[in-house]
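Working notes, structure below.
Remember, it's 1-based here, ligands and their atoms both numbered in the order they're listed. Throughout, residue positions are numbered sequentially from 1 according to the sequence presented. The structure presented is a predicted model; accordingly, all values stated were derived computationally and were not measured.
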Amino acid sequence: MFNRRNFLKACAVGGVGAGFGGLYDTFYHLIPFNDRGRKALHHVYGNSDSPEWLRDKASGKLAPNPDWILRHTVDQQCHSECGLRVKIDRKTGRVQRILGNPYHSHSRLDYASTDTPLLATAATPGTVCARGNSGIQSAYDPYRITVPLKRKGARGSGQWQPISWEQLIKEVTDGGKIFADTGDAASKDLDVLGFKGLYAQRDQLMNPNAPELGHRTNGYVFEGGRIVGSRKAFALRFGLAFGSVNTYEHTNTCEVSHHVATSQVYPGKHMTKPDIMEAEFIIFWGTQPGDANFPMQTMAKYAAEARAKPGGLKYVVVDPLLGRGGVMGDRAAWLPLIPGTDGALALAMIGWIIENERYNADYLGHPTQKAAEAASELSHTDATHLVIDDPAHPQHGHFLTAKLAGFAAGAQESETDRIVIDATSKAPLQAVDSPRAVIDYTGTVNGIRVKSAFARLRESAATHTLQQYADICGIDSEKIVNLAREFTSHGRKAACEMYRGVCKHPNGYYNSVAVLLLNLLVGNMNWTGGLTAGGGGYNYKKGRYDVMAVPAAKGVAYGVKLSREEVHYEDSSEYKAKVAAGQNPYPAKRPWFPLSFDMFSEILPSAVQRYPYGVDILLWHMATPFYSVPGQGNQQLIDAVKDPKNIPLIIASDIIVGDTSMYADYIVPDGSFLERWSHIDTLPTTLTRGTGLRWPVVALTEKTPDGRHMCLEEFLIDVAKRVGMPGYGDNAIPDASGRMWPLHRKEDWYLKATANLAFTPGSEGDQVPDVTDSEKQVNDLGGVHDEFKSSLAAEEWPKVLSVLAKGGRMEPSRNARQGDRLTHRFTKTLHFYAEEVALARNSMSGEDFFGTTTWVEPTTALGTPLDKLDDPKDWPLTIITFKGALQSHSRLSSNYVLREIMPDNGIQVAVEDARRMDIKDGEKVWVVTPHGKRLGTARVVEGIRPGVITFNVGYGHWGYGATNYQLGGKRIEGDRVRRAGIHLNPIMRRDPDIDQMTLMDLAGGSVVFFNTRARIEKNNVHA
Ligand code: SF4
């Protein structure tokens, strides 16, 4: 038998690889995780490495230690994407230590500008959090797969066979009876289409009766988990060149409703952030400094620094859970509201602020940016813009335009075409002609009933009294008033920050908008200490090369995505056919999501139900829907996915046999985050412009026959070339002069994207210098240049290597502010009223969505209130989740240094509840939901609202090295460390109205992680 200890030993001597037909010398790269029992190398310094820098005793000057290579890349131990300085043994090529990149804004407050010599940063590296620091163990995980695997036996039977790269590419591309050798009766005769067969149908419609569904090639679906920046662009480019619109990342499983709400209030922006360092007061809503958010460590540092300043930041955490950032005292407070009632609390505050005229009326009166700037304001809103408010009018819900208002021809149809009531003349005017307009207006213009956007919000907030809102959210009305008063007592230096706790409810979109609108009422956008949309990033897609262009593939990829997102059900042939047949078109078979994107949770159920069409090839990349999507790790859905008739070909791109990739037909070995490329813009906490560069600082997978390290990109390139797709091979990437460059290896593409980044013009002091000899030496860049010399024009290399040497490009931090104003400003119209939302419809109920926010009770898709669905008498507790600082994502389960600190997550129970249920801290208890039960360890804590229980996600794995499997006939034993703890996602509440759909926010698109009802039973009940 192969247990973990034997497995490690065998790997260490290369015995595992030798047993697999001599295909590769080794299958695994590993590190021994446990040094216990070994004698320390030095009696004082233990097993510490020598330092990265050496001080010359005579001169006192620092110099690089020649033993080490230092490379700067970007972390992916969470989505904060902080900059890293990676210390690599020059002799062995092995990573020894991870620090923060001092040139990256997420890793240092006063990050070094790109013209700062590397040596000058020796004593001031950046920071990483515990997760970032332990990333070495993600890369050198002993369960890493470094060669392609093919299933033996049935899908999910836990038996794998190593195969060659050539076999992998040939089988998945050419198709045919590729499972004849698996011994699986269900698939041995299955004739699989493969990429080539599907591509051959790129001119055929998916459904001739519904041409809007696009071509047959939409049957290829890329289901990405965590894939960001230019790596996502690379996958998207492949999909579009192939002819498929179905390239996804996981966003709706995270917090897409937050992004959708933000992009409605701040058009086109998915995230805004407070200027934490200069703010006087912040409400952290559904989040807190130090817990999951992005960038996590950066926000934690900012908040700690800002709080410690004399007269510095005060903040309040609004969340049922008091996490790490919930420091109490005179500068911080906690409001533990009932889960999912954030909108009620925010609307209560909005109502009080309006009633007591605590909003910034001067600011809100400017109908355009021009008018705002003339009055020394920095942004403007649609508060004064008139909306048609007459259900009988054909344009009900639209903004009133000049044409509808009867204005003379010649008016422009644009945002400035909207009509306002001018504050001086009290007459209707085009917004562009009015320097100041009436904020709160209800009346008639040209015979049409209208209301200003602000008036709509006021009325919406007034649908409940303060006390009613207080009862809904479980917060005393006095506390609500105090919070609203404090929030409106700091001028522009107050802001609301929000994250997943607000939005992952059936009413998440409306909750999120309500919180965001508080910012508009104080007019904090673009002010120092207020709110920012960030400095943005540099363009890596265009400039010297057009890395996204595939002209020959134009027009092939189009149509409705499998998840029916960004499209209205009412535009579908299905809807029209039902209406024509006199049928009620509602509800649709599964929801359509006109406002949302990346609807990851809908991929598997839609594929199995073939709605609106079936899937031929599913490519999972770092995707683990069975583990991560609430309610989807259930046996019924797993069995459906295991049936090859439902999805004939499933390929996983993964670094390990994961909790979901264990059900694939093939696994393509991928590089870890230390082996990948990606260009990633900094998050809006960074007030300046910045793009981090992740690039392979080590290479641990085996090589293809022509010497490329195996990974997702090389797989896509080789499939594309074998299929004969445009955009790959010899004539693939156009430069600015029209010359075509080849794409045979991933660097051919990523280096060109880096050249775009390096040569994008910047502001003053923001230019990329040429790389220096010292930087080349410390980063060991000579080999990079030599190996990939032909991928770029010669003159581009000095700047491209400079970007590699610094791990990206950042505008100097001194450019962040200009006195009381932020340098980078967001100047589009901020929306109290989202016309796009108001004109969209819920495809299940047939009701219109609301254009402004309102209090909406959480329900199922067809409107059953959750209290009626699961009676609180039987289910007295509500499960919420959190992502702690030490564990969250699957890959962290291999980080044994973190597991040693916190081996088990446990289920957190409030002291009051524990006393009532007679549960002791450390006692094993069952968490029971309407969909099943799980055993866990009770952790009795103070910082959680009674009636709520929670668990830190990332524990309780069944894959990812947690359980046994067969590899080439040998047994690989799972590790109990990775099995430890409780994971409740598989038993979270599914929506009874829709097959295999978790509870969802149908407006914003997020899955629901915070509304499953449960009870706790003592272990002896089920013993
Ligand atoms: S917050 Fe920590 S884990 Fe996340 S990217 Fe930054 S250093 Fe890495």
Checklist entry - Less than 6.0 Å separating the ring centroids of Tyr960 and Tyr627? => result no
Item to check | Qualifying residues under side chain to side chain contact (heavy atoms under 4.5 Å, CB included), relative to Thr688, sequence neighbours excluded | outcome: Tyr111, Thr686, Glu811, Asn815, Ala816
Checklist entry - Residues in ring pair (Phe, Tyr, Trp, His ring centres under 6.0 Å) with Phe1010, at least two apart? => result His505
Checklist outcome for this item: salt bridge (charged side-chain N to carboxylate O under 4.0 Å, His left out) filter on Glu52, not counting sequence neighbours, yields Lys87, Arg97
Checklist entry - Can you list the ligand 1 atoms lying under 4.0 Å from a non-hydrogen atom of Glu81? => result 5 (S)
Next on the checklist: Tell me if the centroids of the rings in Trp695 and Tyr750 come within less than 6.0 Å of each other.
Outcome noted: no
Checklist outcome for this item: Under 2.8 Å from atom 2 (Fe) of ligand 1, the protein N, O or S atoms found are Cys129 SG
Checklist outcome for this item: Partner of Thr127 under side chain to side chain donor-acceptor pair (under 3.5 Å), picked from Arg108, Lys301, His106, is Lys301
